[in-house]
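Worksheet for the structure shown next.
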Amino acid sequence: MSIVRERVTAGPAVAVTRDRPWRLRYLLWTVGGAVAVVALTYALPPFRTYQLATIGAYLCVTAGLTVLTGLNGQLSLGHGALMATGAYTVALLQDKLAGRGQWTLLVSVLAAIALTTVVGAVVGLAAARLRGPYLAGLTLAVAVVVPAITSTFDETFNSDQGLSVVLDPPPGTISVERWQAWLCWAGALVTMLALAVLVRGRFGREMRAVRDDETAARLAGVGVARTQVLTFVVSAACAGLGGALVAVLAQSVSPGAFPLTLSLFLVMAIVIGGLGSLAGAFWGAVLLVALPALAHSVTEGIDAQRLEGNLPLALFGVTLVVVMLAAPGGIASLNPLKLLRRKA
Amino acid sequence: MDRFVFLTFDGLGRGAVYAAFALALVLIWRATRIVNFAQGAMAVATAYAGYSVSSATGSYWLGFGVAIAAGLVLGAVTERVVMRFVDHSSPLNGVVVALGLVLVIQGVLGMIYGNEYRPAGAPFSRDAFEVGGVALLSRFDLFVFAAVAVVVVLLALLFTRTAIGLRMRASAFAPDVSRLLGVNVGGMLTLGWALAAAVGSLAGMLVLPTELGLHPNAMDIVFVSSFTAAVVGGLDSAVGSVAGGLIVGLLLSYVSGYLGATVAPIAVLVLLVVVLLGRPGGLFSRSAARTV
């Protein structure tokens with residue numbers, strides 16, 4: 001039964017198996033993840049906790065992007081710009097609202113998601129009419145335009161200097177890093193749960209149908225453009241949340257924090273993790289934090305300033321090319337348990 | 001009025017460079033259905049090589065030649081070592097691999113040369129001649145026009161008048177049939193990439209002196225502008241890409257001149273959106289049968 005169904009939904013997507021209590025499983029994963037994060041924040045030193053928080057913030061974005069690119073076939077190079085939209089919204093709102101309690105942060109983050117959703121809808125409407133390289137080029141232009149917008153409207157965005165994000169101190173005796181990690185992972189786990197449920201349902205099947213064959217999807221009664229725009233909007237909302245959390249982490253926003261390279265890194269992360277797989281999005285987010293840290297520790301010993309930021313760049317690039325040519329399924333396809341199961 | 005005339009000539013100068021760069025994109029698109037997103041980074045890499053040779057030997061023209069030759073080599077190597085092995089079942093794969101190359105090239109350039117702007121000298125004066133008190137063109141602008149015109153004419157002759165050009169068009173149009181007829185299709189692809197990368201290098205050498213200088217990211221905006229130029233003209237049309245380049249150059253020049261330089265990238269984005277939504281096949285496309 002389950003074997004037949006898996007063949008029908010070929011590709012990296014989740015197999016449609018109704019006979020397992022998947023709702024319970026997702027809930028357990030989420031609760032387990034939350035417990036693990038809280039435990040880690042008490043076990044790890046502050047800097048590691050901060051890195052853990054960063055993984056959570058990136059996970060929101062990579063999860064949304066992998067659904068868009070892997071499951072719906074739309075490549076976006078503009079997710080860095082969408083993150084910037086979320087981050088700037090938080091900075092501007094916190095400037096007005098901060099000092100009244102923790103609830104203001106929730107309001108700012110929700111507003112950031114809402115605004116990014118609107119921006120995503122605009123880009124998505126254009127994107128739904130575009131294919132392959134045209135879409136990539138358009139979103140690339142969106143990513144490149146961020147510094148130009150911040151300098152054109154410098155009274156609001158303060159040009160290259162950027163804005164600082166005013167935050168209320170964490171409640172009680174919780175340390176700042178721990179609080180940040182909790183916030184980021186709350187966002188990440190909610191995103192993962194929502195996306196997992198979404199891609200498993202009817203909408204997820206429509207996304208994959210559109211990716212695999214637009215004509216067949218349309219003949220089967222799937223609204224191709226509607227599905228594409230909606231997927232882009234969902235993905236943009238995730239990017240807005242991720243950007244908002246990055247702003248909370250860095251406590252400042254500037255165009256330099258959202259360069260074109262960031263958008264390329266995000267694509268790299270989901271490709272290496274495994275396109276279309278939420279587990280792959282997690283591995284991608286881990287890589288986004290781990291590889292620069294690794295490169296930093298390598299270059300620390302030798303006095304080479306030029307290597308510092310550029311070594312991870314080159315490493316990422318080489319990995320991306322090699323993975324694309326050799327193992328297009330990414331890390332998620334290298335799951336040893338799955339390989340064993342297949343042999344058995 | 002004086003300002004308008006000056007901006008027009010300035011725009012045509014920029015536009016000529018965008019035209020050359022867009023032409024390089026179109027060359028590869030027509031041959032392989034890949035938009036070479038790494039072309040900006042490749043052009044910067046060859047420009048670094050050229051300026052290293054120039055500063056070592058003191059001769060600009062030696063460096064210029066080295067940059068173009070490096071473009072030929074880099075293009076051929078990229079095709080033979082990387083692009084040939086890309087799985088073409090999804091159009092995303094080529095784009096993603098090209099983006100990986102961007103990261104590699106920018107990372108390696110940053111490691112060798114550092115991430116600060118380096119001056120990029122021009123072989124001719126960039127002071128404009130004045131005609132009746134109106135600043136028109138500089139010697140460098142004339143050099144840009146001449147270089148781009150020579151390249152366009154040479155490419156047109158190559159593709160329409162020579163046997164090898166015919167083989168290149170045949171392998172792009174019908175690879176399997178061409179292979180049966182004895183055309184070395186793989187070799188033609190390599191040659192196409194080499195030519196395109198060399199044209200990209202030329203465009204890089206022409207545009208860098210007018211911008212902030214050499215930097216691993218120096219061509220990012222140029223790439224977006226040129227991609228827009230190629231789309232405006234239609235990715236399938238070589239003539240269109242030249243016209244598109246001039247249109248984008250003029251637009252950028254007027255927008256920076258009248259509204260401020262920071263608005264220019266926004267204008268490019270707006271133009272790209274308008275063209276893609278209005279005439280996705282480019283301004284010069286004939287109406288084609290709609291694919292569902």
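In the text below, chain A, chain B and the rest are named by the order of the sequence lines, each starting its count at 1. Side chains included, hydrogens not; waters and symmetry mates left out as well; all remaining heavy atoms used.
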Legend entry - Partner chain A: residue of B:Val95, B:Leu277, B:Leu272 with the largest heavy-atom pair count (under 4.5 Å):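 Of the candidates given, the most pairs with chain A belong to B:Leu277.
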Inset, instruction - Tell me, out of B:Val231, B:Ile221, B:Leu235, who's got the most heavy-atom pairs with chain A below 4.5 Å. - result: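 Heavy-atom pairs under 4.5 Å are most numerous for B:Leu235.
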Inset, instruction - State which residue, out of A:Val123, A:Val122, A:Leu138, fulfils the side chain to side chain contact (heavy atoms under 4.5 Å, CB included) condition with B:Val273. - result: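 Output: one option passes, namely A:Leu138.
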Legend entry - Option among A:Leu264, A:Val271, A:Val321, A:Ile270 that satisfies the side chain to side chain contact (heavy atoms under 4.5 Å, CB included) test with B:Val96: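 Exactly one candidate clears the test, A:Val271.
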Legend entry - Interface residues of residues 262-271 of chain B facing chain A - non-hydrogen atoms under 4.5 Å apart: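 Residues B:Thr262, B:Val263, B:Pro265, B:Ile266, B:Leu269 are the ones that qualify, each having a heavy atom under 4.5 Å from chain A.
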Inset, instruction - Could you tell me which residues in residues 35-53 of chain B have at least one non-hydrogen atom under 4.5 Å from a non-hydrogen atom of chain A, sorted by residue number? - result: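 Answer by number: B:Val35, B:Phe37.
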Which atom of [X] lies closest to which atom of [Y], heavy atoms considered:
| X | Y | value |
| --- | --- | --- |
| B:Val97 | A:Leu325 | CG2-CD2, 4.4 Å |
| B:Val224 | A:Ala141 | CG1-CB, 3.7 Å |
| A:Gly73 | B:Leu92 | O-CD1, 3.9 Å |
| A:Val318 | B:Val104 | N-CG2, 3.3 Å |

Legend entry - Value rounded to 0.5 Å, distance of CG in B:Leu99 from CG in A:Leu140: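 If I round to the nearest 0.5 Å, the distance is 8.0 Å.
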Legend entry - Euclidean distance, A:Leu313 CG relative to B:Ile105 CD1, rounded to 0.5 Å: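 Between atom CD1 of B:Ile105 and atom CG of A:Leu313 there are 11.0 Å.
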Inset, instruction - Pick one of side chain, backbone, both or neither for B:Phe227, based on which atoms fall under 4.5 Å of a heavy atom in chain A. - result: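 Side chain only.
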Inset, instruction - Identify which part of B:Asp87 has an atom lying under 4.5 Å from any heavy atom of chain A, answering side chain, backbone, both or neither. - result: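 No part of it gets close to chain A.
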Measuring heavy-atom distances to chain B, does [X] have an atom under 4.5 Å in its side chain, in its backbone, in both, or in neither?
| X | value |
| --- | --- |
| A:Val224 | neither |
| A:Thr150 | neither |
| A:Leu130 | side chain |
| A:Leu135 | neither |
| A:Leu320 | side chain |

Legend entry - ring-ring contact (aromatic ring centres under 6.0 Å, His included): pairs with one or both residues in residues 236-263 of chain B, sequence neighbours excluded: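 Every ring-ring contact (aromatic ring centres under 6.0 Å, His included) pair that includes a residue of residues 236-263 of chain B, provided the two are not neighbours, is B:Phe4-B:Tyr254.
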Legend entry - Verdict with supporting geometry, A:Met324 and B:Val86, side-chain contact (heavy atoms from CB on, under 4.5 Å): CA-CA 8 Å; A:Met324 274 315 278; B:Val86 174; 5.9 Å; no
Inset, instruction - Among A:Leu77, A:Thr319, A:Thr69, single out the residue with the greatest number of heavy-atom pairs under 4.5 Å to chain B. - result: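 The option with the most such pairs is A:Leu77.
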Inset, instruction - Report the residues that fulfil side-chain hydrogen bond (donor to acceptor under 3.5 Å, both in side chains) with B:Asn217, sequence neighbours left out, ordered by chain and then residue number. - result: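 side-chain hydrogen bond (donor to acceptor under 3.5 Å, both in side chains) check on B:Asn217 returns B:Gln106, B:Asp220.
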